[in-house]
Amino acid sequence: MQLTQRHREYWQKNLRLTGILLAIWFVATFVVGWFARDLQSITLLGFPLSFFMAAQGALLIYLILIGYYAWRMDRLDREYDVQEGDR
Amino acid sequence: MAAPAQSRFVAQLKRYYALYTGGFIGFVVLLSIFEQMGMPNKMLGYIFLGATVLLYAGIGILSRTSDVAEYYVAGRRVPAFFNGMAVGADWMSAASFIGLAGTLYLSGYDGLAFVLGWTGGFVLVALLLAPYLRKFGQYTIPDFLGARYGGRIPRTIGVFAAILCSFTYVIAQIYGVGLITSRFTGLDFGTGVFVGLGSILVCSFLGGMRAVTWTQVAQYVILIVAYMIPVIWLSVKHTGNPVPQVAYGYVLQKVTAREQALNDPATPDGAREAEVRAILKQREKTIEDELQALEVGGAAYLAEEKGKLVKVAAELKGKRDADPKAVAAADKAVAEFPADVEAARKAWRAAAETDRAKAAPIAAHAEPFAGPDQATRDKKRKNFLALVLCLMVGTAALPHILMRFYTTPTVREARQSVFWALFFISLLYITAPALAVLAKYDVYTLLVGSSFSELPSWVSAWASVDKSLMSVTDINHDGIVQLAEVNIGGDLIVLATPEIAGLPYVVTALVAAGGLAAALSTADGLMLTISNSLSHDVYYKMIDPRAPTGRRLFIAKALLLAVAVFAAYITSLKPGHILFLVGAAFSLAASAFFPALALGVFWKRANRAGAVLGMIGGLAVCMYYMYMTYPFFGVNAPLWWDISPIASGMFGMLAGFVGVIVGSLLTAAPGKEMQELVDHVRYPYLESDSKDRIA
């Protein structure tokens, strides 16, 4: 079928959201990992910051990213009328 | 399915699993009462392993099915929350349950690559794959490749790659099953493998995905309870705080302080460590000299050395009042003497290596990429990040995980179920670093500095099981344990934590049951992936598309049995090295599947030629690099950019992406039908879906 303007807009928004979340994922994992030695001297809850990030911080960030994506896409689905189920 | 029926189903599930969890905790309490009344440890181990395995078999029998959609995708009605638990159990293997905390104990910060890699991959699953695969809504991953790229070749490569990485991974799991059953029941390894396998088969054989799903939920409950109890206990003991994930930061500080003291010869403990290290350095030098002499003298030198040992043993036996221990040691030295030059070179080099490592100062647990110079540190950092990326992308490409997202009722629930999956997985992964630090604190403070005459009982208990897991030798003969005199194997940490913490034996048995649940649930999922690929993709889609339902399922079950027996046979030969097998499975999956799957959704221009080129190229490069560099194969070619073989997926992935892009751009764009399929998977609902539904 022919996609409408609305459909394209939905996909663009999805792409943008995916891109932003992936950028955060990248920074939390690889940029923080790259500078791990420099972040060592900062302490958080008794942990050196680099250790905390790799052992817990990044995991919490991943969880938030996925949860936010599920929530945001659910709203976007309804906003653009592409949600499943009874209509 | 109508909404009210589904919500009734969910309510029912919640009730069943709440009852089940309560029942399980009651069972543990009951057994601990039996222990207090004097039930022998061996009996407790039997009851625990036997009861849990029977439970899984019971769920398998209750969920038996002969409906295709039930068999392959559990009827597509698994709620997000429960699918998350099932993914968690499917995901967390023996390597996560038993190996992870041990790896962290041994390598500190650098071991966190596994924590990051095995959780961060779910971001890729959630954002790039799960919702789209659920919308596509078929049965296997090769199904998607076959439909998206058309023709037989992409599907065939998909089947081959799915079987290759699942089989590599399943061997590692069955190996774990064999280890646990043989250690806690006294069966020999080969028998243990087949007994464990029996219970895997009952679930997947009778009820396919449906049975495996509900068993995995049950297994998740057992494995997480088993993991948490000892850590919470340790945490309360050391910090008074029952939340180990928060409390261990301060324990980590104490560990760091202790490390500094042990590394500083000015403190009394540090002085004793320095003494042991000096002896170890001397010992290393002696071995190096022997190696030198071996290179010069060859077999003649070896024979001469052996002659000396034989003479010593004979002289000892000749004495009337010879110490029987010394005689036994001398005999052992003769018996264990290397048979030829090659064996001697290998054994001595390994011994020198061990002594050198033990003689070095303790690496700080919390320090990232520790090394003597900048070049070593940079190399470690590069490999750390490469391994993280490989494990993440591999996570997002392993077919047995992706398949689970076909089983949710809707796209919306597929997205939510990735959240629940990571939530349940994180419970264990956030706890593992705490477990490692708490166990380390006990070893550094209780074991180090204690006297050899009164070692804690768990030390001798584990030393008698396996010397490579635990051994303590008084190297400087001062009667006091120093850290450099202690050898701890990584696999011991989780299994021995209950004993280190002084918990009742019931908890040890519980941990063993948890490890078994972790290994069995992953093996279930993998085995199902392999047999589904064969029966659905090969038999139904390629050989006989008109096969009636009954025959399709019969073929699926027969193949499952054949695959299981074959896998158990391979495992009983002990191909060895779990970590390498696991790493290889991830690298292979990342190289073969990820580029073709992700670009298949996000790049309409990707076509069949590109997919074929990318998948074959990725797989080939990854396998080539693994074969050339992994010591197991004995080629030992130089590394590319110092990337170690466990991260060989780095190059495979790169080749995969380049292959898909170049192959697609060089050939014609995919037809209208393909483009429409891509639109179909991109939107949870399109008007055209109701007319030409694929499912």
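Labels below follow one simple rule: chain letters A, B, ... track the order of the sequence lines, proteins then strands, and each chain is numbered from 1.
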> Which residues from residues 61-69 of chain A are near chain B, with near meaning under 4.5 Å between non-hydrogen atoms?
Replying inline: A/Tyr62, A/Leu63, A/Leu65, A/Ile66, A/Gly67, A/Tyr69
> Tell me, do B/Asn83 and B/Trp420 make a side-chain contact under 4.5 Å, heavy atoms counted?
Replying inline: no
> Between atom OH of B/Tyr227 and atom CE of B/Met92, what is the distance when rounded to the nearest 0.5 Å?
Replying inline: 9.5 Å
> So, B/Asp373 and B/Thr376: side-chain donor and acceptor under 3.5 Å apart, yes or no?
Replying inline: yes
> Are B/Thr239 and B/Tyr248 linked by a side-chain donor-acceptor pair shorter than 3.5 Å?
Replying inline: no
> Which bit of B/Leu252 comes within less than 4.5 Å of chain A, counting heavy atoms only: side chain, backbone, both or neither?
Replying inline: side chain
>> Please classify the contact of B/Arg682 with chain A as side chain, backbone, both or neither, using a heavy-atom distance under 4.5 Å.
In response: both
>> Is it true that, when you exclude A/Trp34 itself, more than 12 heavy atoms of the residues, nucleotides or ligands shown sit nearer than 6.0 Å to its CH2?
In response: no
> In residues 23-30 of chain A, which residues are in contact with chain B at a heavy-atom separation under 4.5 Å?
Replying inline: A/Trp25, A/Thr29, A/Phe30
> Going by atom types alone, do A/Tyr80 and A/Lys13 pair a side-chain donor with an acceptor below 3.5 Å?
Replying inline: yes
>> Could you tell me if the side chain of B/Pro409 sits less than 4.5 Å from the side chain of B/Arg76, heavy atoms only?
In response: no
>> Taking side chain as everything from C-beta outward and backbone as N, CA, C, O, which of these in B/Ile425 sits under 4.5 Å from a heavy atom of chain A? Side chain, backbone, both or neither.
In response: neither
> Of the backbone (N, CA, C, O) and the side chain (C-beta and beyond), which part of B/Leu128 lies under 4.5 Å from a heavy atom of chain A, both, or neither?
Replying inline: side chain
> So which part of B/Glu367 gets closer than 4.5 Å to some heavy atom of chain A, the side chain, the backbone, both or neither?
Replying inline: both
> Which of residues 115-122 of chain B get closer than 4.5 angstrom to chain A, counting heavy atoms alone?
Replying inline: B/Val115, B/Leu116, B/Thr119, B/Gly120, B/Phe122
> Parallel, tilted or perpendicular for B/His365 and A/Phe51, by the 30°/60° rule?
Replying inline: tilted
> Got a sec, which residues hit salt bridge (Lys or Arg N to Asp or Glu O under 4.0 Å) with B/Arg258, two or more places apart in sequence or on another chain?
Replying inline: B/Asp269
> Looking at B/Ala396 and B/Leu402, what are the two nearest heavy atoms and their distance?
Replying inline: O-CD1, 3.6 Å
